[in-house]
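Order of the sequence lines fixes the chain letters, A, B, ..., with proteins taken first and strands second; residue numbering starts at 1 for each chain.
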Protein chains: 2
Amino acid sequence: MAAVIENYWVTVLKALAHPTRLQIVIELLQGTKCVNDIHDLLPASQANISQHLTVLRNARIVDFAQDGSQRCYYVCRPELVAGVLALLRNEQPERKGSQPSVLATHNQR
Amino acid sequence: MAAVIENYWVTVLKALAHPTRLQIVIELLQGTKCVNDIHDLLPASQANISQHLTVLRNARIVDFAQDGSQRCYYVCRPELVAGVLALLRNEQPERKGSQPSVLATHNQR
DNA sequence: TCGTGATATTAGAATTTTCGAATATCACGA
DNA sequence: TCGTGATATTCGAAAATTCTAATATCACGA
């Protein structure tokens, strides 16, 4: 039953799990940008950025507003994306911290 | 400069962006489990689950404590993982909501 | 030390993702 | 209507991921 929902979650996570796409959403969180703006900021071809934007759009992470011949992209789930980024920023990959009482919650078989 | 950090972020996101691995961390958030426990819960082979656990371990999302011949796995960044899941749960993929003032923040080129 | 349960690793095929090159579409002004 | 700037799509090839089957390792008790 949760399978459908989790498929969507996986789609969202997969969409964010790429260096270029993560950069795109980080930039878009700063403000709406058209494809050429993004192209100027990132080391990728226009076609490639367009492809990545399609992936992000299919995951319903970004959307765009047509502005003449330009498409102004924006993050349509800012709380989600900013939230995930905030969580990642708070992580210190090196700090080990206090580990949970591992064996306590484990039912021996 | 931020590239190194974001590489780690992408590693984390990529590790979570798989149905089986997402299921594994969801289960592990409920409590420490050994490989066989996970194997009983999910429709995947032992070898495959072991492989997925390696991916999660490389991303520093899970770790294990050796307990005799068993390895008790647990989420070693519960705030991060639970946080991401909470954000995903709060999302209604269908709701459109109020869109930001798209054109306002966009510098015309 | 041998057997066994628990887990990991390896190898290779199948699938998916990614990207560049080329081309198509689309909006608009001359 | 034509040209052009802006963006999307298509097509393969290359790279990465995923899975299965087989095998290896490891801890422990008889």
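- Looking at every heavy atom in both residues, L22(A) comes nearest to E6(B) through CD2-O, 4.4 Å.
- Scanning all heavy atoms of the two residues, the minimum distance from R71(A) to Q66(A) falls at NE-OE1, 3.2 Å.
- Side-chain atoms of V81(B) and V62(B), non-hydrogen and from C-beta on, never get closer than 4.5 Å to each other.
- Looking at the side chain of Q51(B), the nearest of the listed nucleotides dT18(C), dA11(C), dA8(D) is dA11(C).
- With a cut-off of 3.5 Å on both pairing distances, the Watson-Crick or G-U wobble partner of dT7(D) is dA24(C).
- The phosphate of dA6(C) (OP1 or OP2) has no side-chain N or O of Y73(B) nearer than 4.0 angstrom.
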Next item on the list: Between protein and nucleotides 23-30 of chain C, map the contacts as a letter string: B base, S sugar-phosphate only, - none, heavy atoms under 4.0 Å, written 5' to 3'.
Entry: ----SS--

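- Summary of the strand contacts: L53(B) and N48(A) both lie near DNA chain C, and taking for each the nucleotide with the nearest heavy atom, the more 5' one is attributed to L53(B).
- Between L13(A) and V84(B), the shortest heavy-atom contact is CD2-CG1, 4.0 Å.
- Nucleic acid contact for A44(B): none, since no nucleic acid atom lies under 4.0 Å from a heavy atom of the residue.
- Residues L29(B) and L85(B) have side chains in contact (heavy-atom distance under 4.5 Å, counting atoms from C-beta outward).
- At a threshold of 4.0 angstrom between heavy atoms, the contacts of S50(B) include nucleobase atoms, whether or not backbone atoms are also involved.
- The two residues H39(A) and I49(A) come nearest to each other via the heavy atoms CA-CD1, 3.4 Å.
- You'll find that the side chain of Q70(A) is closest to dA6(D), out of dA8(D), dA6(C), dA6(D).
- Considering only side-chain N and O atoms, R71(B) lies nowhere under 4.0 angstrom from the phosphate OP1 or OP2 of dA6(C).
- Contact between the side-chain N/O atoms of H39(A) and the OP1/OP2 oxygens of dA8(D) is not found at any separation under 4.0 Å.
- Within the 4.0 Å cut-off from OP1 or OP2 of dT9(D), not a single side-chain nitrogen or oxygen of H52(A) is found.
- The listed nucleotides are dT7(C), dT7(D), dA21(C); the one nearest the side chain of N36(A) is dT7(D).
- For dT17(D), the OP1/OP2 oxygens have a side-chain nitrogen or oxygen of K14(B) closer than 4.0 Å.
- Across all strands shown, dG29(D) forms a Watson-Crick or G-U wobble pair with dC2(C), both key distances being under 3.5 Å.
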